[in-house]
Amino acid sequence: MNEINGNMRTIQQISAVRAFVHAARSENKTIGFVPTMGALHEGHLSLLRRAKSECDVAILSVFVNPTQFLPNEDFEQYPRDLSHDSRLAQEIGTDALFSPSVEEMYPNGCLTTIDVPDLSNRLEGALRPGHFRGVATVCAKLFHIVQPHRAYFGQKDYQQYKIIDRMVHDLNLTLTVVSSPIIRDSDGLALSSRNVYLSQEDRRVASSLYKSLKSAEALFHEGENDAEKLEECARSLLRKESLIQVQYMELVDTETLDPIKTVESKAVLLAAIKLGSTRLIDNIILSRNVEGNHSKSNGANHN
Ligand code: PAF
């Protein structure tokens with residue numbers, strides 16, 4: 001069933017999104033697309049605002065995609081509140097909310113998948129084997145359904161953004177993948193739908209992740225280029241918190257995600273920690289302009 005919610009269309013069927021998109025495209029309207037798994041927070045809303053300001057039509061998808069969860073992960077518990085998401089999306093002026101069922105997206109399972117191996121097997125992919133196959137495949141499906149001119153992703157999931165961008169390039173899809181700055185709580189914690197899993201004590205400690213990235217950034221701006229020393233600087237701050245288990249803290253090339261030994265002009269420091277049973281990821285781009293002056297990064301995207 002499809003509804004009109006204020007000026008926002010709420011659509012469950014692929015055929016209805018296609019009709020909506022066809023009508024918009026035949027009026028030469030540009031389409032901005034924000035794919036999400038719902039439980040919207042200010043990070044998602046910033047993407048929607050950007051889509052709205054850069055395109056004629058903004059489409060949001062809310063779909064908790066089962067194929068990107070490992071068997072032991074939180075697919076069942078993942079926070080779902082479509083009426084809350086719908087209200088927020090509508091307030092921002094979203095034109096259409098696409099929230100298909102699992103049966104609508106995968107009526108016969110999914111035999112055809114997309115792999116972007118070199119970018120996907122490391123970091124998050126090494127800890128969550130198969131995760132990025134699910135992400136790339138569902139994004140390719142959503143892009144074919146929604147036919148956007150621009151699709152918006154948060155920089156918090158830096159590896160995901162790079163994988164999707166590379167997939168779009170390799171498959172000659174005709175859209176631009178846009179990465180938008182990380183939105184943070186006042187203590188620096190990157191907003192994430194999974195932050196609701198944190199206990200009060202975990203939540204207090206969680207801000208150390210951003211502090212550790214900022215301490216590495218400060219050392220970099222003091223002139224340190226050695227990747228190991230920069231990583232160790234961030235790790236040593238996290239070691240002070242006994243509740244935190246570091247899963248990775250790695251300086252990598254911003255394009256290939258290959259580990260680097262020395263930061264020449266630009267690199268991204270990617271991190272994942274475990275706090276109780278919750279995993280948190282974050283990153284910061286370290287960049288220095290060609291004259292050798294330092295350009296400050298506030299966690300915003302520089303791509
Ligand atoms: O980042 C997410 O919320 C998901 O991985 C995405 C891109 C919506 C695909 O399911």
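In listed order, ligands and their atoms are each counted from 1.
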Excluding sequence neighbours, so at least two apart, what forms ring pair (Phe, Tyr, Trp, His ring centres under 6.0 Å) with Tyr106?
->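 Ring pair (Phe, Tyr, Trp, His ring centres under 6.0 Å) check on Tyr106 returns nothing, list empty.
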
Taking the six-membered ring of Tyr210, is the NZ or CZ of Arg184 close enough (under 6.0 Å from the centre) and on axis enough (within 45°)?
->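 That pair qualifies as a cation-pi contact.
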
Met105 backbone acceptor or donor facing Lys141 side chain under 3.5 Å =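 Looks like yes, one N/O pair under 3.5 Å.
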
Would Lys214 and Asp282 satisfy salt bridge (Lys or Arg N to Asp or Glu O under 4.0 Å), going step by step from the backbone distance to the final call?
-> CA-CA 11 Å; Lys214 291 296 279 181; Asp282 203 345; over 6 Å; no

Give every pair formed by an N or O atom of ligand 1 and a protein N or O atom closer than 3.5 Å, one pair per line with both atom names and the distance to 0.1 Å, or write none.
| residue | atom | partner | partner atom | Å |
| --- | --- | --- | --- | --- |
| ligand 1 | 1 (O) | Gln160 | OE1 | 3.4 |
| ligand 1 | 1 (O) | Gln160 | NE2 | 2.8 |
| ligand 1 | 5 (O) | Gln68 | NE2 | 2.9 |
| ligand 1 | 5 (O) | Gln160 | OE1 | 2.7 |
| ligand 1 | 10 (O) | Gln68 | OE1 | 2.6 |

Report the residues that fulfil side-chain hydrogen bond (donor to acceptor under 3.5 Å, both in side chains) with Gln245, sequence neighbours left out, ordered by chain and then residue number.
->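 Gln245: no side-chain hydrogen bond (donor to acceptor under 3.5 Å, both in side chains) contacts found.
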
Who else is in Tyr197's hydrophobic cluster (ILVMFWY, side-chain heavy atoms under 4.5 Å, direct or via others)?
->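 Under the 4.5 Å side-chain rule, Tyr197 groups with Met37, Val64, Phe69, Phe75, Tyr78, Val196.
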
